[in-house]
Trainee: 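Below you will find the structure I want to go over with you.
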Amino acid sequence: MNTEDAPRIIIEARRVSKSFGSFQALRDVSATFFEGQVTAIVGPSGSGKSTFLRTLNRLEAQDAGEIIVDGIVLNDDLKHLDAIRREVGMVFQSFNLFSHLTILRNVALAPIRVRKMPRSAAESKALQLLERVGLKSQAAKYPVQLSGGQQQRVAIARALAMDPKVLLFDEPTSALDPEMVNEVLAVMRELAHSGITMLVVTHEMGFAREVADRVIFFDEGVILEDTSPARFFSNPEHERAKAFLSQVRHGY
Amino acid sequence: MDWTRKHPGWAMAGAMVGLLVFLWGMAVPLAAAPAPIGPAAQQFVDGARITVELTLISGSAGVLIGVLAGLGKLSHFWPLRRFCDGYVWLIRGTPLLLQILFVWLAFPEILPEGIELSDFACAAIALSLNVGAYNTECVRAGILAVPHGQIEAARALGLTPLQTFLGVILPQSMRVALPALANNLASLVKDSSLAYAISVVELTMVGYRVQAESYQPIPVFITIAVIYLILTTAFTTLTAALEAQLDVGQKR
Ligand SMILES: Nc1ncnc2c1ncn2[C@@H]1O[C@H](COP(=O)(O)OP(=O)(O)OP(=O)(O)O)[C@@H](O)[C@H]1O
Ligand SMILES: [Mg+2]
């Protein structure tokens, strides 16, 4: 990082809790994320990784605690929500491209509707983004005509079209056939180097180790470790993290 | 049908132009036919027009009602949900003829002094409410068929609930609902004949009158049947083409 002055805080979560019925998915989770930082969020299934990510753009509303994104408090105020959804993009495990729209329209939709950008400007911007993820030639096709890896790259372009300051990824490669994982990781690697803030829930330990600036380990709704990739992978503090790592390693 | 699938735009235009040409031009061959058809040609034309007008007006209003009531049935606001349930239950559980008679005879007593409904308007209102109730179920099923991920993606991009509904949910649910809606429209062409009971001079009423004057029911009713067949075929082609058009995202 090229920071001489202190890095700017972009997301602050303070003692966030969330329950589903009697099950507590997040317990008093606090974390601060800085501009330009790439954070890998790892942990066993059901530990609250997705829930945490989804509270950050209010796809899930927390029961208690406070979330502040770029100085804006995340609450039921629609103006705040609107501002935050513009700043925070999200990429889903199952891509969720709009199946009734072409690739180009998928990417251009939000700038046209939300940012009120003229259609021609939005579409030429969409084409640039599609070129960036290597899919300019597919612009006129529909999502079903693309492979999973291609669809996920489109989903990344679609999120980028809103010029977000933060991109949230929820297991972006988990639904992909192995041979398509790398093309998506390559795009994410390029993004990470471009300086955008990224929070990536992932099971790709190689990616976490190589690209992330920071690793957060979730277990049973709490952050058990929050450290550098080097330390996490070579010398995790908690038994649970050690067990998780050895399990992941044996899985491959 | 195959051709319709391949060229939906042309099929739609063709069916529409065909319908118009038929409505304007049918007087010519009918007038050339021998008695009892020839002398009554203009009555057949007028009857067919009333039938088409009833179908188009009630069909459009019925789709609107179906969308609103379909949404109402999915509302979190329980009085609205109950109201829509009650509406569908009432309409589907009673005969259409009774509904038409009710609007014709009871509405004038309910409506404030000074507002008068024509017989045609009464028939259109009753038919709209009727087909609307059947459409409600189709629309509801269509909306439920839209994957939740599509809605989350739209929300994450900052689309408002209304933009999400109009831009994502509605077009995708229509793809599912359209075959059933098309069915209802085709039935409507035929159901509109019940308007004869409140002295709307639509196609069936014309047939009844012409055969009563000429004492020749066979040629008269054959002519009426042929006109109905041409109308239902035109409407079916129209909706099949629309279906194919909406289906583009599903093509491989
Ligand atoms: N909408 C929901 N309703 C009820 N329970 C939920 C809901 N969403 C999540 N949960 C529960 O909350 C817990 C945490 O879920 P979460 O999806 O955050 O886990 P995760 O760490 O992302 O796991 P995975 O690696 O399997 O994606 C799980 O036990 C899950 O069953
Ligand atoms: Mg998850």
Side-chain angles (χ1 to χ4, degrees), chain A residues 50 53-54 56-60 78-103 105-116 140-146 151 154-155 157-164 166-170 175, chain B residues 5-9 12 63 67 70-71 76-77 138-139 141-182 239-252:
Chain A
S50 298
L53 210 63
R54 291 158 57 84
L56 299 181
N57 67 347
R58 214 170 178 78
L59 282 183
E60 218 74 82
L78 286 179
K79 273 208 196 81
H80 290 194
L81 189 59
D82 196 48
I84 285 168
R85 294 250 166 96
R86 284 161 187 244
E87 298 211 358
V88 180
M90 187 158 196
V91 174
F92 301 86
Q93 178 174 354
S94 50
F95 330 134
N96 297 349
L97 293 181
F98 302 125
S99 57
H100 63 301
L101 298 177
T102 62
I103 297 308
R105 297 278 292 140
N106 258 281
V107 181
L109 182 74
I112 293 172
R113 295 280 165 83
V114 182
R115 290 212 191 275
K116 310 293 176 207
K141 290 192 178 164
Y142 284 88
V144 286
Q145 295 171 299
L146 269 52
Q151 289 192 50
V154 173
R158 178 175 70 174
L160 288 174
M162 289 295 284
D163 295 320
V166 182
L167 266 187
L168 311 175
F169 294 81
D170 192 357
Chain B
R5 295 226 143 262
K6 284 208 184 92
H7 309 275
M12 249 191 302
V63 168
V67 169
L71 265 182
H76 293 298
F77 183 56
C138 316
V139 171
I143 290 174
L144 287 177
V146 177
H148 194 61
Q150 298 279 314
I151 298 159
E152 290 201 330
R155 284 173 60 201
L157 284 167
L159 270 69
T160 63
L162 185 66
Q163 287 171 335
T164 303
F165 179 71
L166 294 178
V168 177
I169 301 174
L170 195 59
Q172 291 196 19
S173 63
M174 279 302 139
R175 200 155 60 187
V176 175
L178 208 67
L181 292 178
T239 46
L242 191 62
E243 233 169 274
Q245 187 88 47
L246 283 178
D247 218 30
V248 280
Q250 302 289 53
K251 251 184 245 160
R252 281 253 158 211

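Remember, predicted model here, so these are calculated numbers, not experimental data. The chains referred to below are lettered A, B, ... by the order of the sequence lines, with proteins before strands, and numbering in each begins at 1.
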Trainee: Please look at A:Arg115 and chain B and tell me whether the side chain, the backbone, both or neither of the residue comes under 4.5 angstrom of a heavy atom of that chain.
Mentor: neither

Trainee: Quick one, A:Leu109 and B:Leu159 - any side-chain contact, counting heavy atoms below 4.5 Å?
Mentor: yes

Trainee: Which atom pair, heavy atoms only, marks the closest approach of A:Arg85 to B:Gly158?
Mentor: CB-CA, 3.7 Å

Trainee: With a 4.5 Å limit on heavy-atom distance, are the side chains of A:Arg86 and B:Leu157 in contact?
Mentor: no

Trainee: Taking atom CZ of B:Arg155 and atom CE of A:Met90, what is their separation to the nearest 0.5 Å?
Mentor: 11.0 Å

Trainee: Name the region of A:Leu168, side chain, backbone, both or neither, that has any atom closer than 4.5 Å to a heavy atom of chain B.
Mentor: neither

Trainee: For A:Arg113 and B:Gly167, work out which heavy atoms get closest and say how close.
Mentor: NH1-CA, 3.7 Å

Trainee: Under 4.5 Å from any heavy atom of chain B, what part of A:Phe92 do you find: side chain, backbone, both or neither?
Mentor: side chain

Trainee: Can you tell which part of A:Val91 gets under 4.5 Å to a heavy atom of chain B, answering side chain, backbone, both or neither?
Mentor: neither

Trainee: Nearest 0.5 Å, please: how far is OG1 in B:Thr164 from CZ in A:Phe98?
Mentor: 7.5 Å

Trainee: Under 4.5 Å between any side-chain heavy atoms of A:His100 and B:Met174, yes or no?
Mentor: no

Trainee: When heavy-atom pairs shorter than 4.5 Å are enumerated against chain B, which of A:Asn96, A:Ile84, A:Asp82, A:Val88 gives the highest number?
Mentor: A:Asn96

Trainee: With chain B as the partner, which of A:Leu97, A:Asn57, A:Thr102 has the greatest number of non-hydrogen pairs under 4.5 Å?
Mentor: A:Leu97

Trainee: Can you check side-chain hydrogen bond (donor to acceptor under 3.5 Å, both in side chains) on B:Arg175 and A:Ser99, steps first, answer last?
Mentor: CA-CA 11 Å; B:Arg175 200 155 60 187; A:Ser99 57; 3.1 Å; yes

Trainee: Step through the shown structure and confirm whether more than 12 heavy atoms of other residues, nucleotides or ligands are within 6.0 Å of NZ on A:Lys116.
Mentor: yes

